[in-house]
2 protein chains.
Amino acid sequence: MSTDHLSLALSALAHPVRRDILANLMSGERTVTELADPFDMTGPAITKHLKVLERAGLIERSRDAQRRPCKLRADPFREIQALLRVYQPFWDESFEKLDILLAEEDNRVEE
Amino acid sequence: MSTDHLSLALSALAHPVRRDILANLMSGERTVTELADPFDMTGPAITKHLKVLERAGLIERSRDAQRRPCKLRADPFREIQALLRVYQPFWDESFEKLDILLAEEDNRVEE
DNA sequence: ATCTTATGTTACTACTTGGTAAAGTAACCA
DNA sequence: TGGTTACTTTACCAAGTAGTAACATAAGAT
C-alpha cells in the first residue's frame, strides 16, 4: 500500500461502507454503535473501517464515558479536490471557470 | 474489494504510480514503454497498473501494430467530483457557490 | 527466416484487506 | 461487587494487490 496522505484518503474513500459512514457523520457526531446500526456487519468490522478513516484523517474521535464518538474532518477532501483540478482540463471545461473563481486556495498536489 | 464504479475509480487513484501515469497521459496518448520509462519498475508491474486504470474506466487502450497505446477517459472523474459535492458543505463554503454555478450537471452519486 | 522490439501472460511471493468469533477492557449503574 | 453497555483487541481466514522472473506472442526490420 502507498502511505502518502492523498493515497490514504483515496483508498479510505474506495469502500461504500466507509462512504456511508462519512455521509452519516454529516449530520453530526455519532457513536460507533449508531454508525454500525445501518450495516449488517459485526462491531469489529466497523471499528476497522473507522481506523482506516481515522488514519486517512477523514474523521477524528473523542471520548464521552464509554462512548468513542466520531466526527468528520475536512482537510483530506481539499487535497482530493486539488488532485482533481490537475486532471480537470481533461474532463470538464465548466470547472475551468471554477478554477479561476477559486484560485486563491491553490492547494498543492503532494505525493 | 468493492466492485462498484466509484470504488474502483477511487482505489485506482489511490496509488502514486497510477496518478503519475494519468498525469503523463494528460499530454496525449502514450505507449506502455513510454509510460514505464520514468519508473524503476518492471514491465509487468506497469501492465498491471494499466489494467487497474482500465478496469476503473480511467483510461482506454487501442492498437497500433505491436504497441497498445493508452489515453485518458473523463467519466470517472465526474463521478468523483459528484461524490465530493456530497461532503462539500463540510469542507469548503466557497464550493457552495460553485454548486449553484454548475447545478445543470447534477451527476448522481451511485454506489 | 530470423532478430529485435513491444507487449502480454503465467506462476510465484509477500503483504494487505475485509470480514468473522471470542475474549478483553473500560465506564457507568444497582 | 457484579452486571451491562460500548467498544477494542486478538487470532484467524479468504481474497486481493503489488511486485518479481521467466516465458510467450506479435509485428516490423533485415
Side-chain angles (χ1 to χ4, degrees), chain A residues 1-22 24-25 28-71 76 111, chain B residues 1-22 24-25 28-71 76 111:
Chain A
M1 202 210 9
S2 309
T3 48
D4 63 283
H5 243 196
L6 189 50
S7 299
L8 281 176
L10 288 164
S11 72
L13 283 172
H15 196 294
V17 168
R18 289 193 290 260
R19 291 196 299 274
D20 277 2
I21 288 174
L22 293 176
N24 288 344
L25 288 173
E29 275 198 14
R30 290 286 178 272
T31 66
V32 176
T33 358
E34 284 168 343
L35 289 171
D37 216 49
F39 303 103
D40 183 23
M41 204 178 279
T42 60
I46 299 292
T47 297
K48 282 193 182 179
H49 283 304
L50 293 177
K51 265 189 191 160
V52 173
L53 291 170
E54 191 179 17
R55 181 149 165 264
L58 287 159
I59 62 168
E60 62 186 24
R61 316 198 57 181
S62 51
R63 183 101 207 207
D64 164 29
Q66 67 274 59
R67 263 145 260 122
R68 243 133 301 190
C70 306
K71 77 176 198 217
E111 138 307 282
Chain B
M1 200 207 17
S2 309
T3 47
D4 64 283
H5 242 197
L6 189 50
S7 299
L8 280 177
L10 288 164
S11 73
L13 283 172
H15 196 293
V17 167
R18 289 194 289 260
R19 292 196 298 275
D20 276 4
I21 288 174
L22 293 176
N24 287 345
L25 288 173
E29 276 198 12
R30 291 284 179 274
T31 66
V32 176
T33 359
E34 283 168 345
L35 289 171
D37 216 48
F39 303 103
D40 182 22
M41 202 177 281
T42 61
I46 298 292
T47 297
K48 281 193 182 180
H49 283 303
L50 293 176
K51 266 188 190 160
V52 173
L53 290 170
E54 192 179 16
R55 182 152 163 261
L58 287 159
I59 62 168
E60 60 186 26
R61 317 197 59 181
S62 50
R63 182 104 209 202
D64 165 29
Q66 67 273 59
R67 264 144 259 122
R68 243 132 302 191
C70 305
K71 77 176 198 217
E111 135 311 278

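- The CD1-C1' distance, from B/Ile46 to C/dT9, rounds to 17 Å in whole Å.
- In this structure, CG of A/Leu50 is placed 16 Å from P of D/dA6, rounded to the nearest angstrom.
- Spacing between atom CG of A/Leu13 and atom P of C/dG18 amounts to 12 Å, rounded to whole angstrom units.
- A/Ala56 and A/Pro76 make their closest contact through O-CG, 3.5 Å (heavy atoms, listed as atom of the first residue, atom of the second, distance).
- Using a distance-only test at 3.5 Å, with no hydrogens or angles considered, no donor-acceptor pair links the side chain of B/Asp64 to the main chain of B/Arg67.
- Note that the CD1 atom of B/Ile59 and the NZ atom of B/Lys71 stand 11.5 Å from one another [nearest 0.5 Å].
- Between the C1' atom of C/dT16 and the CZ atom of A/Arg55 lies a distance of 10 Å, rounded to the nearest Å.
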Can you check nucleotides 19-21 of chain D for protein contacts, nitrogen or oxygen pairs under 3.5 Å, and list what you find?
residue	atom	partner	partner atom	Å
D/dG19	OP2	B/His49	NE2	2.3
D/dG19	N7	B/Lys48	NZ	2.9
D/dG19	O6	B/Lys48	NZ	2.2
D/dT20	OP2	B/Thr42	N	3.2
D/dT20	OP2	B/Thr42	OG1	2.5

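- Rounding to whole angstrom units, CD of residue A/Glu54 and P of D/dT8 are separated by 9 Å.
- Remark: A/Lys51 is not in phosphate contact with D/dT8, judged by side-chain N or O atoms under 4.0 Å from OP1 or OP2.
- A heavy atom lying under 4.0 Å from DNA chain C marks the following residues of residues 60-70 of chain A, by number: A/Arg63, A/Ala65, A/Gln66.
- To the nearest 0.5 angstrom, A/Leu22 atom CG is 11.5 Å from A/His49 atom NE2.
- A/Arg61 places no side-chain N or O within 3.5 Å of a backbone atom of A/Lys51 that could act as its donor or acceptor partner.
- Atom NZ of residue A/Lys48 and atom CZ of residue A/Arg18 lie 11.5 Å apart, to the nearest 0.5 angstrom.
- Residue B/Ser7 holds its OG atom at 3.5 Å from CZ of A/Arg19, rounded to the nearest 0.5 Å.
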Distance-only check: which donor-acceptor pairs under 3.5 Å involve side-chain atoms of residues 36-47 of chain B, not counting sequence neighbours?
residue	atom	partner	partner atom	Å
B/Thr47	OG1	B/Gly43	O	3.3

